[in-house]
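Here is the structure we will look at, set down as structure tokens.
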Amino acid sequence: MAVITELSHLANPLASSTQLETSNSQLDGVPRDLETSIRYETARLLQAAGILLRLPQELVAQSIVILYRFWVGPDGGSLVDHDSTDVAAASLYLAAKPSAHAVSPSQTLQVFHYLNQTRPDYAGAAKQDVPPEDIDWHLSEGDLETARNRLYKVESTMLRVLGFQTHVALPYGLCINYLQTLDVSSSTAGSAVAKRAFAHLNTALFSPQLLYLTFQPSALATAAIYLAARETGAGLPETEWWEVFDVDREDLGFLVVALTSVEGFATEEKQRWGQRKVPLSVEELQAEMERRTMLENGQ
Amino acid sequence: MLSRWAETAEDAAEDARRKAEKEEKRRLKAEKQKAVDAQRAKAQQQNGHQDDRDTAERPAKRRRLSEGTSKDTAPQAERTLLRFNTPGWQPCRSIERFDLLNHIEEGSYGFVSRAKEEATGEIVAVKKLKLDPARDGGFPVTALREIQCLNAAKHRHIVDLREVVTGEGAAKEDVYLVMEFVEHDLKTLQEDMDEPFVPSEVKTLILQLGSAVEFLHDHWILHRDLKTSNTLMNNRGEIKIADFGMARYCGDPPPNNLTQLVVTLWYRSTELLLGATTYDSAVDMWSLGCIFGELLTKQPLLQGKNEVDQLSKIFELCGIPNEDIWPGFKRLPNARTLRLPTQSKAAQGSIIRSKFPTLTNAGASLLNSLLSLNPAERPSAKQMLEHAYFREDPRPKPTAMFPTFPSKAGQEKRRRQVTPNAPVRGGAAPALGEIDYSSIFKGREAEEKGVSRGGRGGSRGGGGGMKRNDIPFDIDPELSETADRGEVGGGGKADCAKKIWPVSTSSAQPRGFSTETAQPFGEMIFPAPITDDERAMVAIERTMNAQRRAGPFWTGSKEQWASYDAQNNSPVDGVFNPFENVATYGRKNLKRPWRPADLSRIKLDTRFFPKELHAFIDKDDGTDEDGNPIKRQKKLGLVKKSVLDKLAKFDEEGNEDAEPVAEDDESVKSDKDEEGEDFDRDPGDTNYEDEEDEFGGGDYNAEQYFDGGDEDFDEGGADEYADDG
């Protein structure tokens, strides 16, 4: 059986079971659900920042994957040690740096500063072309300097924790390729299926199940196509076509369930936090944890 | 239509038809099956052993659970899916796990050192990155790209990035790339080589380079800094491309905002020099062409001083571009200001063919195509590998057949030419100063001892003391320490060969020798490819030169020596010079072999010997100061085992009745006979008889050693020698 052992455009490094089992944050006493919430929040933050910085979605996806990799595992970063906004900014900066769309540190920091003011409504902020006047989005020169130094520091910490493993293979290109192979893209439903599949791939970035860290791009692309075709009503072969793309039925089934469940997770998160801010800095996190312990003790 | 796979009316009809067909088939089959089952049940009832049959005739297909609804599917072959078993990630390990050995080089990107991994003992190259977050905007993008590209480019001819490690404690921010250690880079290697690579070697090198570049381009990586100093070569003739500091991923079509400030000037292609910001893999092919030319001549092909000079050098070699051969080149940023010479026919076209007269036509055409001014004209790496040049004679040399070289990075040194320059006649003897040359007589001392062991008393020498002398060679302390002190007389020459060690070779290695293979002798780096005889010759020649330079070596006037010579009936005219004798003997142009006994007649002035040596000279009981028997075997195992055996036997029999061991050896006997005639011994020497025996033994051994050396050493029968490495 053919086995791919090298990283390439097809293959990603995946998180090991030990890394998925626990995280440094949990070892530091951060509850699992709070960690998940923060991770979700920072992913949203990154997505919004990517839109504001006019970065291609590939870079946003890469930065989210890098961010997840940093937090995962007992050797990973801990939420107690680093502000998650800093880490998010650093991962975006790091992902964009070697690409053709490098952003400057000040651009990154300004955008994150601005988004920090607008949270939790990132979507709204990302849609606006001009920042609302009531928000002070400008970083002073001094603040910028300190923030920049912090960014560099977090960046180097991230690289060290990741063992310089910044390779991220994404399923977007594969997805188009597969649609062409299935002869779907040329049909009338083609663009609708592709759009929907891409939407699913973007959604998968927010999944609390860390799909990009547990599945190879080919599986993600296949599952997205499967779901998209079902939703748009485009016909697909009746045989086990996913095996052509080296995805077995179990993986496909799991991914389809996982992808469809993200919506429920997002709604739940929205309800849970409402207009409250998800703690994105170390201080906020500690305050939140104290609040929780107090609540527990009070009950 | 929705999609090719969507249902249509026709599809439905077809489906219905197929369904009906299937149904019919299934019904028929079920009936058949029923009949078979009934029969079987019958047989079973009759025989009454159901178990046997069950195991013997297991149904090939899975038993259907429900007969009515199951589909009739053919047994499917197990489909094999591509599996992924990719490595994960983990935090960087610490540099503390590596022992730094030596510095290799320093560049703008960082320091490269040789290091040993503590756990495995593997030798690696460690590149410490120069980091300046404020300047580079955090971690330098070049380093990031280098790591990413090297991680993505795992290829036989691309240097292997094993891991990235970081510093510890205060130096936590330091980043080191741990790569496989490769002994040479082509640039330094070429600088050290007397001759350029031969055509078959060039072919192999270019093929390897080409395969690596093909791999890179296949993986959408542009190297953008190919040059000989970035091309490493190991001792097995394998090429490894290194230094991906300029590398980056590219796409097709290539991105349009690439920097033109890439590739070292001498290897930079025309489109880059003309300021193109959109370029592709052709820039690497141009560099490859430059390397090709450089390998052929050992000189960088186009050594421009600056961009303008570089372009003019290119035009000189490859001709002047025009719209025919390079459509659109005028639109490049720097081409607008370019004032090209008026094009005469002579100035046009490439002169590569005439510049490389020894290159075959195919080779010239390859070089020409790689150095096409128009990037679109250059072949891809894949096309290059298929070029006829590589299929014609001489065929590419197998990498295993490549010569090896001392590695500069591994701190191996090339053996300098050991033959010294001839001394200038009439020149003043060099001032000598306080140089302790007592060690030169360590070898002599052994001879002396051999003689005195034979019971010979104060042998008479030509003269009293001697002058201090400058000698251009050093005696390897380790070797002289372990010199076989017991070896009788004849050992003298052998000692001479082994102990007197040219200075420049003591830490040197010749071509054809790597550290790995040089180690069987322990710490000593031993220039094994030189035969013992050669080394003896070198040592002797140096001694002689030293003597000539330094004036009279032995005290005593010329007359004294002449008289001594006359008494001894020396075969050499004029002044008796024992060393000259040795040398002439070694050159085999002297009929009568030199007899070590001659040397032993000379009484050395021991006043100049270090005190500890007196012990050796005075003592002659075959033991050292502590009373332990002196070890005879030579450290480096250069003495033939048979000689040693004979020596041992000689020892056992004692000195008094020491006989030449191989009585049946004709040559030895005749030698002995000759000796009687040739030697006009001093009648005053009372120990004549003893001496005779002693000489015989000594002579024999010397003969044996050197004759054996002539024949056997060439055969390389290592097992014949005492194995005491």
Side-chain angles (χ1 to χ4, degrees), chain A residues 1-16 19 69 73 75-76 90 93-94 97-100 102 104-105 149 151-153 155-156 159-167 182-184 186-190 193 216 218 229 232-238 240 243 246-248, chain B residues 1-8 11 76 78-93 131 133-134 136-154 161 163-167 172-175 177 219-220 248-251 254-258:
Chain A
M1 186 183 285
V3 178
I4 287 190
T5 53
E6 298 291 336
L7 300 177
S8 66
H9 293 277
L10 276 182
N12 257 334
L14 295 185
S16 66
Q19 278 170 327
R69 282 188 197 161
D75 294 324
Y93 179 59
L94 189 58
K97 191 187 266 186
S99 75
S104 75
N149 287 336
L151 180 75
Y152 295 158
K153 206 150 209 165
E155 185 198 25
S156 84
L159 284 172
R160 219 168 329 126
V161 166
L162 295 177
F164 287 81
Q165 187 50 271
T166 51
H167 172 89
L182 289 167
D183 216 355
V184 172
S186 58
S187 65
T188 45
V193 176
Q216 293 294 353
S218 60
T232 53
L236 288 177
E238 275 170 24
E240 289 98 336
E243 293 195 354
D246 301 302
V247 184
D248 56 28
Chain B
M1 81 179 187
L2 258 178
S3 101
R4 181 176 159 181
W5 316 98
E7 302 281 311
T8 58
D11 283 343
Q76 287 185 338
E78 184 68 32
R79 278 174 297 217
T80 55
L81 306 184
L82 192 65
R83 291 292 93 183
F84 294 90
N85 188 17
T86 48
W89 66 90
Q90 56 187 19
C92 291
R93 297 198 302 160
L131 299 179
D136 302 324
F139 194 77
V141 62
T142 51
L144 207 56
R145 280 190 184 144
E146 172 161 27
I147 294 170
Q148 284 182 345
C149 289
L150 280 174
N151 271 332
K154 298 290 178 201
L161 175 68
E163 59 177 314
V164 183
V165 297
T166 51
K172 216 167 129 189
E173 301 292 316
D174 288 350
V175 176
L177 309 189
H219 285 68
W220 301 104
R248 67 161 292 154
Y249 278 105
C250 68
N256 54 10
N257 54 350
L258 297 173

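Note that this is a predicted model, so its numbers are computed, not measured. Within every chain, numbering begins at 1; the chains are lettered A, B, ... in the order of the sequence lines, protein sequences first and strands thereafter.
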Shortest non-hydrogen contact from [X] toward [Y]:
X: A/Gly163; Y: B/Cys92; answer: CA-SG, 3.6 Å
X: B/Val141; Y: A/Pro98; answer: CG2-CA, 3.7 Å
X: A/Tyr152; Y: B/Pro133; answer: CE1-O, 3.5 Å
X: B/Gly137; Y: A/Glu155; answer: O-OE1, 4.4 Å

Output the option from B/Ala152, B/Gly138, B/Cys250 having the highest count of non-hydrogen pairs under 4.5 Å with chain A.
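Heavy-atom pair counts peak at B/Gly138.
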
Picking from B/Arg93, B/His219, B/Arg248, B/Lys172, which has the most non-hydrogen pairs under 4.5 angstrom with chain A?
B/Lys172

Within a radius of less than 6.0 Å around NZ of A/Lys153, do more than 12 heavy atoms belonging to other residues, nucleotides or ligands occur?
no

Under 3.5 Å donor-acceptor, A/Lys97 side chain and B/Phe139 backbone:
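Checked: pair present.
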
Donor-acceptor contact below 3.5 Å, side chain A/Gln19 vs main chain B/Trp89:
yes

Heavy-atom distance under 4.5 Å to chain B: side chain of [X], backbone, both or neither?
X: A/Glu243; result: both
X: A/Thr166; result: both
X: A/Leu94; result: both
X: A/Val193; result: neither
X: A/Ser104; result: neither

Test side chain to side chain contact (heavy atoms under 4.5 Å, CB included) on B/Ile147 and A/His167; report intermediate values, then the result.
CA-CA 10 Å; B/Ile147 294 170; A/His167 172 89; over 6 Å; no

For B/Gln148, is it the side chain, the backbone, both, or neither that has a heavy atom closer than 4.5 Å to a heavy atom of chain A?
side chain

B/Val175 versus chain A, heavy atoms under 4.5 Å apart: side chain, backbone, both or neither?
side chain

Who pairs with A/Tyr93 by ring-ring contact (aromatic ring centres under 6.0 Å, His included), at least two apart in sequence or on another chain?
none

Nearest 0.5 angstrom please: B/Leu131 CG to A/Ser156 OG, how far?
8.5 Å

Mind checking the CZ-OG1 spacing from A/Phe164 to B/Thr166? Nearest 0.5 Å is all I need.
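The CZ atom of A/Phe164 sits 7.5 Å away from the OG1 atom of B/Thr166.
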
What residues, two or more places apart in sequence or in another chain, satisfy side-chain contact (heavy atoms from CB on, under 4.5 Å) together with A/Leu14?
A/Asn12, A/Gln216, B/Thr86

B/Glu173 bridged to A/Arg160 by N-O distance under 4.0 Å
yes

Quick check for you: among A/Asp246, A/Val247, A/Leu159, A/Asp248, which has the greatest number of heavy-atom pairs under 4.5 Å with chain B?
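Between A/Asp246, A/Val247, A/Leu159, A/Asp248, the count favours A/Asp246.
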
